[in-house]
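Report on one structure; see the data block that follows.
Here is the naming used below: chain letters follow the sequence lines, and residue numbers restart at 1 for every chain. Computed from a prediction, not measured in an experiment: that's the story for all the values here.
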Number of protein chains: 2
Amino acid sequence: MVGRPTMKDVAAEAGVSAMTVSRVVNGEGSVAPRTAARVEAAVRKLGYQRDELARQLRRADQPSRTIGLLVDNVADPFMAAVASAAEDVARRRGSMVLIGSSRADPRREREVVAAFTARRVDGLILTPAAGSHRFLRPAQVQGTKIVCVDRAASGLAADTVVVDNSAAVEEAVRHLIAHGHRRIGYLGGRQDIWTNGERHRGYRAALRAAGIAADPRLIRHGLRSAPSAAEAVTALLASAGPPTALLAGHENLAVGALMVLPPGIAFIAFDDFPLAERLTPPVTVIAQDPVALATTAADVLFARIHGDTSPPRTVVLPTELIRRGSGEVPGPFAEQGR
Amino acid sequence: MVGRPTMKDVAAEAGVSAMTVSRVVNGEGSVAPRTAARVEAAVRKLGYQRDELARQLRRADQPSRTIGLLVDNVADPFMAAVASAAEDVARRRGSMVLIGSSRADPRREREVVAAFTARRVDGLILTPAAGSHRFLRPAQVQGTKIVCVDRAASGLAADTVVVDNSAAVEEAVRHLIAHGHRRIGYLGGRQDIWTNGERHRGYRAALRAAGIAADPRLIRHGLRSAPSAAEAVTALLASAGPPTALLAGHENLAVGALMVLPPGIAFIAFDDFPLAERLTPPVTVIAQDPVALATTAADVLFARIHGDTSPPRTVVLPTELIRRGSGEVPGPFAEQGR
DNA sequence: CTTCGCGTTGGTATCGTTAACAGTTCGTCG
DNA sequence: CGACGAACTGTTAACGATACCAACGCGAAG
């Protein structure tokens, strides 16, 4: 016997019909114990395993128990945590996870979505790349449930699980201002990605609220890697009016910045990271909980898959400003004698 | 129209048979341009997408263009890098990746493998958990290609892509000895996982070669998390005969150890990690390249899927001892005046 | 002794696609 | 002008599983 044995093979081995094998394999009660035992013996003998593909084809109305997870890049620690948590929930729900990386490329994102739906995923968890996500509408209409995590998608009505990026950054910048900083540099990723846009919005809001004019020379957008962040920091500090504090818009940029950041410059990073407290000074961060984000997103997704048809919701989870030292380095306008 | 349109729907819309639609969708040449255009218009109008499930069912002899990736835990940075690289190669080859986490639990590993094969994956990349992997034999016989990455699997003839863990650790320990250390502590993960066993083997070999008796009180096995590593370090240093140097068997343990490690103790970690060079002192590491490991594994897997039937190979990739400072902290037997 | 019903079991059609084969309509060549 | 192949299109029967319905045996009820 080469290739997988089928129900027919098992049926022949046990001397029953394929239908009876199906009943036994699916644990339906209406099979005589003696018959069931014979079938089970045949299953074991042949190493039979039900073919999920054929099963899903026949049972088109039932869920396929496969979901798709589409992230920028699984290698990113934040995304890896999201993936792990989503996989965990899926497993508990008896589903498999198909994974795909968009590398923040809208075209690639579309391709991966197509590959997912072609395999009849029940739903999709995604961190939307740039651009409109209207193209997901047909998939939704055809029954694929969609949940956005970490970022909102434009042009799409879908459940969304995020943190309040803008408010979190606003708080952090206020914190820097309170410690006597006026020239606060900003290191941001691609602005066309929702999260980065929100964070930048928070940065400007905090400055505006404090009556500080935003100096465009202190703002570096579109940074895509740790080395590019390091370069940006070096350039900023060497410039005419250097910043006395810096905010890094996400973990990668923080790592790059920290490679070249001299002491004396205040620093806050979006996203917590391992060993942040062992650096000198320990790094103040805006922490979010990727596991909670992904777990919530997956829970929402499965609720949808199991029939929840209420209007799309946006769940906002909390962030926390963890003061460790680097964010409390005093600036030139710090109050004395405290 | 609710639900996905099928070829039959497209055929009706275009006024042709389903077979002709199939031919157009698959780009077979033998369709009149006018007909093909009509079909393509119908495809666009209905938003038709080929159903990969049905297709794979019919074309049982062709690959399903889906592979399975089974790791301990995607959230682990090393595993995340592996997953990302594997997904990348798969995408280039036109395949999707199903992902699963074993959490180092052999039972869970088996379940995930079953879920994979039930979905007809063409092949499997896995970081084997503890225990025999003989159970994978039937899947192999039925045609599923299997490649182990990072670790070897016992009881299974399969391609394997690893580094020489034992030699790498041996070199690191020799390095510590050369810097004057005799009491070298070892922080290791679960010994029943191949990698950890190998690393411990290298540790003992280096001591033996230097004529140093291994002190069991300096060895902590079975550490599963950063906090447990931190505790172990604290306990070791508080003990009667404390170590003057420490070796951490993998990244997580290194992070935990570094949270509590006082200066003056030499330290080497297996696996490089971000910001290692920004700690004080910068951390000496044994670096391996997870991307290269996974890329190689995926390449081997696809070669198998495409018909390579040569005997199973083991590919050993290089490691590098990156001297940054923590591994060069002199020990009590260091030569003076260098 | 017939009939009913229950507990089991099997037959048939079908999910969406495609391999294999069977037409059909032409144009072309002898 | 009829036959023959080329180009195109359709029909049928699977792939492996299951929903639905029919049928079987057999004890109980009438």
message: Return the CG to CE distance between Asp122(B) and Met96(B), rounded to the nearest 0.5 Å.
response: 12.5 Å
field: Integer-rounded Å distance: dA19(C) P and Gln56(B) CD
entry: 14 Å
message: side chain to side chain donor-acceptor pair (under 3.5 Å) for Arg151(B) and Asn196(B)? Distances and angles first, verdict last.
response: CA-CA 9 Å; Arg151(B) 311 170 184 165; Asn196(B) 298 330; over 6 Å; no
query: Roughly how far, to the nearest 0.5 Å, is OG of Ser17(B) from NZ of Lys8(B)?
result: 12.0 Å
- request: Flag this pair as yes if the NZ/CZ of Arg4(B) is under 6.0 angstrom from the six-membered ring centre of Tyr48(B) and inside a 45 degree cone about the axis; otherwise no.
  value: no
query: Angle, rounded to 10°, between the helical axes spanning five pairs at each terminus of the helix from dC1(C)-dG30(D) to dG30(C)-dC1(D)?
result: 70°
message: Testing the 3.5 Å rule here: is there a donor-acceptor pair between the side chains of Arg119(B) and Thr66(A)?
response: yes
- request: Look up atom CG in Leu70(A) and atom OG1 in Thr127(A), then write down how far apart they are to the nearest 0.5 Å.
  value: 6.0 Å
message: Is there a salt bridge (charged side-chain N to carboxylate O under 4.0 Å, His left out) between Arg107(A) and Asp105(A)? Walk through the geometry before answering.
response: CA-CA 6 Å; Arg107(A) 216 179 60 210; Asp105(A) 174 355; 5.2 Å; no
Sequence-aligned protein contact record of nucleotides 9-19 of chain D, with B where the base is within under 4.0 Å of a protein heavy atom and S where only the sugar-phosphate is: BBB--BBBBBB
- request: List the steps, then state whether side chain to side chain donor-acceptor pair (under 3.5 Å) holds for Gln142(B) with Thr117(B).
  value: CA-CA 10 Å; Gln142(B) 288 171 14; Thr117(B) 57; over 6 Å; no
